[in-house]
Amino acid sequence: MGNFFIPSLISFFLLLSKAESESESELIADLFALQSESKSGVIHLDDRAVARFLTSPKTPRPYSLLIFFDAVQLRNKPDLRLRQLSQEFALVASSFIANHNSTNPKLFFCDIEFRESQSSFSLFGVVSLPSIYLVGRTTKSLKDDSERMVQGDFTRFTDSLVDFIESRTKLTVGPIHHPPIISRAQTGIILGFLLIWSPFAAKKMLSGETMLHNPRIWLSGAIFIYFFSVSGTMHTVIRKMPMFLMDREDPERLIFFYRGTGMQLGLEGFAAGFLYTIVGLLLAFVTHLLVYVKDPKAQRVAMLFSIFVSFWAVRQVIFLDNWKTGYAIHGFWPSSWN
Amino acid sequence: MATMPILPNMPALDLIKSFKLKTKQQELLIRVSILCLVYILAFITRLFSVLRYESMIHEFDPYFNYRTTLYLTQNGFYDFWNWFDYESWYPLGRIVGGTLYPGLMVTAALIYRILHFLRFAVHIREVCVLTAPFFASNTTLVAYFFGKEIWDTGAGLVAAILIAICPGYISRSVAGSYDNEGVAIFALLFTFYLFVKAVNTGSLAWSLASAFGYFYMVSAWGGYVFIINLIPLYVLVLLITGRYSMRLYVAYNCMYVLGMLLAMQIRFVGFQHVQSGEHMAAMGVFFLLQVFYFLDWVKHMLSDTKLFQAFLRITVTCAVAVGAIALGLGMLSGYISPWTGRFYSLLDPTYAKDHIPIIASVSEHQPTAWSSFMFDFHILLFLFPAGLYFCFKRLSDATIFIVMYGLTSMYFAGVMVRLILVATPAVCLVSAIAVSATVKNLTVLLRSKNKGVQTGSTKGSSSSKASSKALLDQSQPFQKNGAIALLFGAFYLLSKYATHCTWVTSEAYSSPSIVLAARGAHGSRVIFDDYREAYFWLRQNTPPDAKVMSWWDYGYQITAMGNRTVIVDNNTWNNTHIATVGRAMSSYEDEAIEIMRSLDVDYVLVVFGGVTGYSSDDINKFLWMVRIGGGVFPVIKEPDYLVNGEYRVDKGAAPKMLNCLMYKLCYYRFGEMLTEYGKPPGYDRARGVEIGNKDIKLEHLEEAFTTSNWIVRIYKVKPPNNRW
């Protein structure tokens, strides 16, 4: 029994160490494979991958990982800017990979999603987002030794991420390859279109019947600007408000209307702007177009319809406004009748 | 006019003639009396604040204007023009004459002089308080004439009524709001009216008048940049749509050249018209007009069209190239300055938020949510698209102008809340067109007897009348009833508009914000007069050369009412200086004392709403102090004051927050105080939390004065110990 036990133990240890040394190169190869699989070069980790690449191998590991902590359900929160940050993270990752194509410094960019890898989040002790951790070669305890990017650096994210990498890993990231706003194919198409279009445009311009001479175009532009302004689109653009919110308690439910003055959601503004616009347009329609309709019955129906719609729209706006601001704006009848 | 039966005999004809004259006279009488009533209405609806509180100056900026007006009336124009104010921006001082728009002060001083000449011994403060309502009344007259110019007298009258009570305009022109906008909106509309008149008539006299109107506007408000960009844009659109005319040429050239020369006389504006990028559009359009005129002339001289085509191509290319090169050289050599931040933030609205916190921090520079439009325009908002449509149906040079004015200002109103003010006249005019045209059509329908029925616009009816006369005759009773119902509805809606406007004026726009009002537990009105209490305390109890440090919002008030020197004030011309104050407020006390000693600060004033629940106090403004301070001094970092991106003052607040100077000064001794029944001591009513640091010790400062409701707290900087 004893005789048998000792060699088997030795062979087991041999096997183990061999497996370990084998897996070191294997792990790197796997990481490279994962990296080349993903489009931007960011490796998506889950709990199993964290265990495989970070917790089980002995330190020093032959590679270091830069991990971006992400949460899908928080992506719609505008103040966290998770979506934008993850895009910039991917941009830095792809630039880094492109700049170090031949040298391969064994720094890998990874991301982890909260829903599917909650235990990894607790492993790192991540309590707030956005969070970026650098797990170096010598890092033993993920919670205490890995280096966290300081919260304040998220304002000019791309630059500070590059600084962070360069200061902690002593590697140079190199130039960031920003994607062009219009891709090459698109430029070609646009140029071709312009070339084909230009003779027609020139001919029309000379004869004085361009779109610029057509009041209808101007009118629709004018109505659009009106709609754009009164629906508070600038508010949405400047404050980077989302179109709608997700309810925190119940992620299935969407919130379209925000209660409180001085704040609004995108779709809410469009709804109000639409209601504003429709009444005015109906009035114009009734006074200028309906008179051309020959059938009096149709006239009456259209008239009644527009009166009804206008009534409904004004009422709706007043109701929404009262609900939103708390001010009791006067509607059709004295407020005591409500 | 009513259709009269045509009688064959002569006396009857005479009778008709005299009767016609009479209707005209009647109409004139009605029109004049309506205008008079509107004039009075516009004035009295703005007096809520005087009736409810007292005759006093409101808010922040007006106090500076008041102080300078006082100086002007006491020391004369030249002293005012050369005034170096050493009581603000200590130790830098401020060249007042060269850094303000003097139009408002000169106007008020002029009214004051005239009244005194007429032996009305009024105080200058009363003149200042009532200047804005007076000019609002004048604006209604201008709106009438403008409406008459672009549409007809009916539209003019409706526009006058609408603008008299429109909340968007009232918000900046109630009695006591003695600010540049009060006269500037009048000047703006007046300039536009004169220019449109000049374009319509092509007369030099009108364009000369519009140049002077522009001069007045430049002297009154920085918003003149809107005029100098809108008018060239309008001219450009006319050129593009093939509406170039000699009238336009005369109007624009005269207005531009003279207006520019006149505007250069204002020291604050100086040579900007030829140097700054914001004014280059006007100059470009000016040269473009010359090219147009030249081409017209050459076309007239050359009979050969082919030759002209070639000539046209060469000239246009040359002109564009020369213009581009000149602009490029000007920019490169630094002769033409690039756009300023404020202007840039209008075109690219996200710019201010990222780059200029001092602009982004002001509440009136926030982007507008849809509910604000509803609040300020009410039914005008629904009528505006209809008015646009009417304008497009009857395109003329004048309607194109009002459409462009309406749309550009609407866009700007969407970018910044305060620019709703600029959009208001345009919205009123366009809506007035909608109202007036609709009502006119309906009344025409009602008054037409059994002859051909007129529906809709006069243009549309002529074609439909012939084709469907028989059908229309049948539907007449119904149509008449429908018209009556619609008229009734229109008047009902307009009366609701009036109710809304009055209510908004009384509830929202008539509070002086220097005296705060709240509803007590029994529905009674409680008045907090803490600001003035504090300022008078400063005036009575501190040495005359004491320097007071506060956040810049209160600078003007302290100099005007407290008569003490301040470090920074509402004229935010020196960002570094403001950032220094922001840094002092957000540092620990021993770091702050160094900064305060370097600025010779004797007293520190903070505004605190924790006792009364007043929410626009310094704690709520504090993040902006951090941001502005951090913009210049990187040692101040915003995340140090936040917990997970959240701004808190309770136990969970960031440690730096709990120990910074602003927190200490606001909450000093507050931890012992019971503010609300059933809540622990130190319960902050403005934020609704129990504060996190109740044991505050001050080392280098001592409490000097706290007003009765704790809204203003003043601390004295202790002199350094003489031994240690």
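The sequence lines fix the lettering, A, B, ..., with proteins before strands; numbering per chain opens at 1.
- With a 4.5 angstrom heavy-atom cutoff, B:L642 does not touch chain A via any of its atoms.
- Counting only distance, with no hydrogens or angles, the side chain of A:Y276 and the backbone of B:P385 share no donor-acceptor pair below 3.5 Å.
- Side-chain contact between B:L486 and A:I307: present, with at least one pair of heavy atoms (C-beta onward) separated by less than 4.5 Å.
- In this structure, CG in B:L493 is found 9.5 Å from OG in A:S310, a value given to the nearest 0.5 Å.
- Looking at A:F224 and B:L407, their side chains never come closer than 4.5 Å, going by heavy atoms from C-beta outward.
- Counting only heavy atoms from C-beta outward, the side chains of A:S231 and B:W370 never approach each other to under 4.5 Å.
- Here A:H235 contributes atom NE2 and B:S371 contributes atom OG; the two are 8.5 Å apart, rounded to the nearest 0.5 Å.
- In this structure, the side chains of A:V317 and B:F382 come closer than 4.5 Å at one or more pairs of heavy atoms.
- When heavy atoms are compared at a cutoff of 4.5 Å, B:L395 approaches chain A solely by way of its side chain, counted from C-beta outward.
- The minimum heavy-atom distance linking A:I225 with B:Y411 is given by the pair CG2-CB, 4.5 Å.
- For a residue to count as touching a neighbouring chain, one of its non-hydrogen atoms must lie under 4.5 Å from one of that chain's; by this rule B:V504 does not touch chain A.
- Within a 6.0 Å sphere centred on NZ of B:K440, heavy atoms belonging to other residues, nucleotides or ligands number 12 at most.
- Ranked by heavy-atom pairs under 4.5 Å with chain A, the list B:F377, B:Y497, B:F384 is led by B:F384.
- The parts of A:L320 that come within reach of chain B are both its backbone and its side chain, each placing non-hydrogen atoms under 4.5 angstrom from that chain.
- Heavy-atom pairs under 4.5 Å with chain B were tallied for A:L283, A:D321, A:I223; the largest tally goes to A:D321.
- Put simply, OH on B:Y389 and CG on A:L281 are 9.0 Å apart, with the number rounded to the nearest 0.5 Å.
- Heavy-atom distances place both the backbone and the side chain of B:F375 under 4.5 Å from chain A.
- Annotation: side chain of A:M234 is not in contact with side chain of B:T368 (no heavy-atom distance under 4.5 Å).
- For A:F228, the part sitting under 4.5 Å from any heavy atom of chain B is the side chain, from C-beta outward, and nothing else.
- Atom OG1 of residue B:T241 and atom CH2 of residue A:W218 lie 6.5 Å apart, to the nearest 0.5 angstrom.
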